[in-house]
Amino acid sequence: MEVMTHSSKFLLPSIPRSSSSNDGPPPLTYALVVLNQGLPRFAPLLWNHAQLRLCADGGANRVYDEMPGMFPNEDPLDVRHRFKPDVIKGDMDSLRPEVQEFYVNLGTQIVDESYDQDTTDLHKCIAFIRDSTPELDKSNLCILVVGALGGRFDHEIGNLNVLHRFSNLQIVLLSDDCLIYLLPKSHIHEIHIVPSVEGPHCGLIPIGAPSLSTTTTGLQWDLTNTEMRFGGLISTSNIVREDKITVHSDSDLLWTISIRKST
Ligand SMILES: Nc1ncnc2c1ncn2[C@@H]1O[C@H](COP(=O)(O)OP(=O)(O)OP(=O)(O)O)[C@@H](O)[C@H]1O
Ligand SMILES: Cc1ncc(C[n+]2csc(CCO)c2C)c(N)n1
């Protein structure tokens, strides 16, 4: 079984190459999706790492309203020009008209899918990235989603559902406090902890289906061919003990880890 490696190095100001030699995996490219919740403090950092920046509907209001406040010594208009979304997509019931007009004048692409009331704005944005030009090599693409957690529980669960709907894409849901991604059962996973920005609290959660057997290394409470299911044992309030965590499971699992306040 192939090994999939994971790392939150996108939370570092400059992303180190994966290894000192040339035989490591190719570097990831990042896309950013901004949802309609308060921007996390590291939003400008992720924006600068990303090659493609989308706003899900009212997420564009957040960029327009909140980015200038993150650069209090700069002219708000300059900041808004610097943080111009490439695409705003959704059902457009939250995007304010003056925000839309501002970004249209800067060249942002607006994709109105108000006819689709069966998928969320995040789903629409992920589908856009999936279907976007081959310039973005999907196998090396990691989609960072900010504003995904905290707030309305129906939205949070909808966001987790998107991880399962697009399980062949690497998607990371972020809030100010933690991040979440899916560990597909098709791979053995190596999670390389970046101790300066994340940990120690973590969890492994079988949200889509029970797991008959999960084995981990590197955690305070490791699992050894352990069964996990909702209503039974799930691994919450666990702690990372080593800088490399391995996970092998017969089910897709959610991995979550806390983000340090100093990030
Ligand atoms: N409180 C929240 N918690 C988590 N995610 C959120 C929250 N609010 C919005 N989102 C995310 O941001 C996206 C865009 O938000 P927006 O408010 O524009 O959606 P919406 O379709 O108008 O929602 P609704 O009509 O249900 O209020 C949503 O699809 C969702 O993924
Ligand atoms: C069974 C069922 N439940 C809820 C909705 C409503 N809904 C789900 S996604 C969405 C778009 C939000 O931007 C809306 C309105 C539905 N269609 N089907």
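The figures that follow rest on heavy atoms only: side chains count, while hydrogens, waters and symmetry mates do not. One-based numbering, in listed order, for ligands and for the atoms of each.
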For this session: Please indicate whether any nitrogen or oxygen in D91 is less than 3.5 Å from any nitrogen or oxygen in ligand 2.
Result: yes
For this session: Do me a favour and list the nearest non-hydrogen protein atom to atom 22 (O) of ligand 1 with residue, atom name and distance?
Result: D93 OD1, 2.7 Å
Exercise. Any idea which part of T119 is under 4.0 Å from ligand 2, heavy-atom wise: side chain, backbone, both or neither?
Worked result: backbone
Exercise. Of the non-hydrogen atoms in V33 and C125, which two are nearest, and what is the gap between them?
Worked result: CG1-CB, 4.0 Å
Exercise. Is it true that the NZ or CZ of R80 lies under 6.0 Å from the centre of Y103's six-membered ring and within 45 degrees of the ring axis?
Worked result: no
For this session: Give a yes-or-no answer on whether the side chains of E198 and S8 include a donor-acceptor pair shorter than 3.5 Å.
Result: yes
Problem set entry | Any side-chain donor near an acceptor of the partner, T224 and T215, under 3.5 Å | no
Exercise. Taking both backbone and side-chain atoms of A56, is any N or O found less than 3.5 Å from an N or O belonging to ligand 1?
Worked result: no
Exercise. Can you tell me which residue and heavy atom of the protein come closest to atom 20 (P) of ligand 1, and the distance to 0.1 Å?
Worked result: D121 OD2, 3.6 Å
For this session: Look at atom 2 (C) of ligand 1 and say which protein heavy atom is nearest, naming residue and atom and giving the distance to 0.1 Å.
Result: Q37 CD, 3.4 Å
Problem set entry | Close side-chain approach of Q109 to F128, heavy-atom, < 4.5 Å | yes
Exercise. Taking all non-hydrogen atoms of both residues, which atom of N238 and which atom of S235 are closest, and how far apart?
Worked result: ND2-OG, 3.0 Å
Problem set entry | Closest contact, heavy atoms only, I129 versus A31 | CD1-CB, 4.0 Å
Exercise. Mind checking whether D116 has an N or O less than 3.5 Å away from an N or O of ligand 2?
Worked result: no
Exercise. Going from CD1 on I15 to CG on L28, what distance comes out if it is rounded to the nearest 0.5 angstrom?
Worked result: 8.0 Å
Exercise. Should you measure from each heavy atom of G58, which atoms of ligand 1 turn up under 4.0 Å away?
Worked result: 18 (O)
Exercise. Hey, is N159 touching ligand 1 through its side chain, its backbone, both or neither, going by heavy atoms under 4.0 Å?
Worked result: side chain
Seminar exercise, completed: Numbered in order shown, the ligand 1 atoms found under 4.0 Å of a heavy atom of G150 are 1 (N), 2 (C), 3 (N), 4 (C)
Exercise. So which bit of R152 gets within less than 4.0 Å of ligand 1, heavy atoms only: side chain, backbone, both or neither?
Worked result: both
For this session: Using non-hydrogen atoms of the residue, decide whether G147 is closer than 4.0 angstrom to ligand 1.
Result: yes
For this session: Taking atom types as modelled, find out whether H6 and H192 have a side-chain donor-acceptor pair closer than 3.5 angstrom.
Result: no
Exercise. Is I180 close to V172 at the side-chain level, that is, under 4.5 Å between some pair of heavy atoms?
Worked result: no
Exercise. Numbering the atoms of ligand 1 from 1, which are under 4.0 Å from a heavy atom of D91?
Worked result: 21 (O)
For this session: Before signing off on this row, confirm whether Q117 and ligand 2 have an N or O atom pair separated by under 3.5 Å.
Result: yes
Exercise. Which heavy atom of the protein is the closest neighbour of atom 18 (N) of ligand 2, given with residue, atom name and distance?
Worked result: D118 OD1, 4.2 Å
Exercise. Can you check whether D57 has an N/O within less than 3.5 Å of an N/O in ligand 1?
Worked result: yes
Exercise. To which of Q117, E156, K89, H155 does the heavy atom nearest atom 6 (C) of ligand 1 belong?
Worked result: H155
For this session: With atom 16 (P) of ligand 1 as the reference point, say which of S94, G151, A148, S175 has the nearest heavy atom.
Result: S94
Exercise. Who pairs with D154 by salt bridge (Lys or Arg N to Asp or Glu O under 4.0 Å), at least two apart in sequence or on another chain?
Worked result: R152
Exercise. Do D116 and K124 come close enough that some side-chain heavy atom pair is under 4.5 Å?
Worked result: yes
For this session: Give a yes or no on whether atom 10 (C) of ligand 2 lies under 4.0 Å from any heavy atom of the protein.
Result: yes
Problem set entry | Selected option - heavy-atom contact closest to atom 15 (O) of ligand 1, from N36, V33, T119 | N36
Seminar exercise, completed: L122 heavy atoms within 4.0 Å reach ligand 1 at atoms 29 (O), 31 (O)
Exercise. Under 4.0 angstrom from atom 4 (C) of ligand 2, is there any protein heavy atom?
Worked result: no
Seminar exercise, completed: From the list D250, N225, T226, side-chain hydrogen bond (donor to acceptor under 3.5 Å, both in side chains) with S213 holds only for N225
Exercise. At a non-hydrogen distance cut-off of under 4.0 Å, which region of D154 contacts ligand 1 (side chain, backbone, both, or neither)?
Worked result: neither
For this session: With the side chain counted from C-beta on, respond yes when F71 and P44 share a heavy-atom pair under 4.5 Å apart, and no when they do not.
Result: yes
